[in-house]
Amino acid sequence: MAGVAGLLKSILAAFRAILPPFRHPLPPGLQRLVSPRDDIESVVEEASSSSVPWLPLRSVTEFKGVVPVGHDQILLGWKKNGFDKHHFGPFAVHSERGETTAQAVKRSLKSMAGISVAESSVEVVGRILFVTEGQTEAREETLIRASAWRGNIVETKFYIPARFHRTPFRSTAPVEKREDDSDSSYSTDSLPSFLPMDTPKNGISFHSIMSSCSLWSSSKTSRSAMSDSDSDDCLPALLPWHCMHPEDKVWYPLLISGQKFIGRVDYSASSPDGSAGQIRRYWFATVSQS
């Protein structure tokens with residue numbers, strides 16, 4: 001019997017080597033982000049927006065961002081100016097001539113957050129294509145995870161870094177109220193949360209930032225194409241979602257876990273103040289190499 005099972009396994013392996021792997025249809029522009037060895041696995045897409053056509057794609061500008069993620073904490077940057085102003089997100093990575101990605105991440109985080117990163121802990125985990133209605137240039141962002149760093153965080157010209165501590169116990173601090181919630185708060189009993197730890201000692205206080213983001217408000221929030229759902233119960237409850245982009249709820253848990261992914265997000269036209277419009281359509285998928 002064991003011999004038959006082994007023979008069947010060998011036959012299946014031979015067929016897989018001959019036949020091309022099954023591919024989920026990719027949104028326009030993502031083909032260049034996938035290699036022949038990549039397998040597209042779990043796909044996340046807003047079903048109600050699947051009939052909305054993808055925006056036309058002309059030119060693409062590439063950017064990189066890094067999120068330091070440790071076994072017990074995550075470090076986010078509150079952007080003080082420019083693109084993504086007053087949002088929490090990855091720290092921008094600017095590569096200089098001759099640098100590897102790891103070297104660029106190490107230098108960028110030292111200058112933008114004051115921490116020292118181990119180059120061996122730097123890993124590219126995701127790529128997302130952002131397209132905005134009315135703009136001829138799309139934004140392709142490479143998302144990087146750094147899992148080992150040390151040093152005291154420092155406020156810089158571009159960012160106020162904030163650490164969030166991962167805790168396994170029940171959290172009852174108020175967070176955003178969802179449309180289907182009868183209570184003004186909710187918590188995750190069995191999954192870890194991230195609790196705010198600190199910002200630079202000589203910088204703006206954490207609660208001042210949170211006040212501007214309405215993180216502690218119990219008021220209802222408007223729903224867009226990226227709506228809240230039961231899956232929110234699997235999210236790190238106390239990351240500052242009010243001060244992040246809606247699609248972050250999809251890809252941050254993947255980045256935190258180290259799962260590789262690709263995605264595309266289409267926005268409606270930007271508002272007059274330069275902030276992003278509503279999400280028209282989005283698509284994300286996890287990726288593994290065969």
Side-chain angles (χ1 to χ4, degrees), residues 64-80 84 86-93 101-102 105-126 143-156 158-176 186-211 213 215-216 232-245 248-261:
K64 295 177 183 177
V66 59
V67 179
V69 179
H71 72 281
D72 64 346
Q73 60 184 287
I74 181 172
L75 187 65
L76 298 178
W78 190 72
K79 194 75 180 295
K80 296 168 69 174
D84 268 355
H86 294 174
H87 281 81
F88 274 110
F91 295 88
V93 175
T101 297
V105 166
K106 182 176 182 177
R107 179 183 48 75
S108 297
L109 280 177
K110 186 65 177 178
S111 64
M112 294 188 177
I115 61 173
S116 298
V117 170
E119 291 184 25
S120 59
S121 74
V122 173
E123 176 188 19
V124 174
V125 292
L143 280 311
I144 303 166
R145 184 178 187 271
S147 57
W149 78 91
R150 59 185 174 81
N152 296 319
I153 56 176
V154 176
E155 179 180 348
T156 61
F158 300 103
Y159 291 98
I160 298 176
R163 292 189 299 163
F164 296 81
H165 186 70
R166 191 169 188 169
T167 174
F169 51 79
R170 178 187 175 97
S171 169
T172 56
V175 294
E176 65 174 296
Y186 70 97
S187 61
T188 52
D189 295 334
S190 58
L191 296 176
S193 300
F194 285 90
L195 294 174
M197 293 176 68
D198 65 325
T199 50
K201 291 186 169 109
N202 59 346
I204 301 174
S205 73
F206 184 90
H207 288 284
S208 296
I209 297 175
M210 291 298 96
S211 177
C213 297
L215 177 65
W216 308 118
D232 282 1
D233 291 330
C234 297
L235 292 170
L238 289 181
L239 281 182
W241 300 116
H242 272 78
C243 209
M244 299 168 72
H245 293 290
D248 292 353
K249 290 184 176 183
V250 177
W251 65 262
Y252 259 92
L254 298 175
L255 181 141
I256 290 169
S257 67
Q259 171 66 60
K260 296 186 183 300
F261 63 92

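One-based numbering along the sequence shown.
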_Pair Trp78 + His87: ring centers closer than 6.0 Å_ = no
*Over all atoms of both residues, closest heavy-atom pair of Arg145 and Val125*: CB-CG1, 4.1 Å
*Looking at Lys249 and Pro253, what are the two nearest heavy atoms and their distance?*
O-CD, 3.4 Å
*side-chain contact (heavy atoms from CB on, under 4.5 Å) with Ser111: which residues, sequence neighbours excluded?*
none
*What distance separates Lys106 NZ from Ser116 OG, expressed to the nearest 0.5 Å?*
7.0 Å
*Where Val66 and Ala146 come nearest, the two heavy atoms and their spacing*: CG2-CB, 4.0 Å
*Please name all residues satisfying ring-ring contact (aromatic ring centres under 6.0 Å, His included) with Phe91, sequence neighbours left out, ordered by chain then number.*
Tyr159
*Those residues that, when tested against Leu254, pass side-chain contact (heavy atoms from CB on, under 4.5 Å) (two or more places apart)*: Gln259, Phe261, Thr286
_Inter-residue atom distance Phe88.CZ - Ile74.CD1, 0.5 Å rounding_ = 11.0 Å
*Distance-only, no hydrogens or angles: does the Lys80 side chain make a donor-acceptor pair with backbone N or O of Thr156 under 3.5 Å?*
yes
*Atom of Gly70, atom of Trp149 and distance for their closest heavy-atom approach*: N-CZ3, 3.3 Å
*Determine whether Pro90 and Leu143 make a side-chain contact, defined as any pair of heavy atoms from C-beta on separated by less than 4.5 Å.*
yes
*Listed by chain and number, what are the side-chain contact (heavy atoms from CB on, under 4.5 Å) partners of Ser108, not counting sequence neighbours?*
Val93
_Quick test of your reading: applying salt bridge (Lys or Arg N to Asp or Glu O under 4.0 Å), list the pairs with at least one residue in residues 116-125, sequence neighbours left out, ordered by first then second residue._
Glu123-Lys260
*Among all residues two or more places apart in sequence or in another chain, which pass the side-chain hydrogen bond (donor to acceptor under 3.5 Å, both in side chains) test with Trp251?*
Asp248
*List the atom of Pro161, the atom of Ile153, and the distance in Å for their closest heavy-atom pair.*
O-CD1, 3.8 Å
*Indicate the atoms forming the closest heavy-atom contact of Ser121 with Ala148, along with that distance.*
OG-N, 3.2 Å
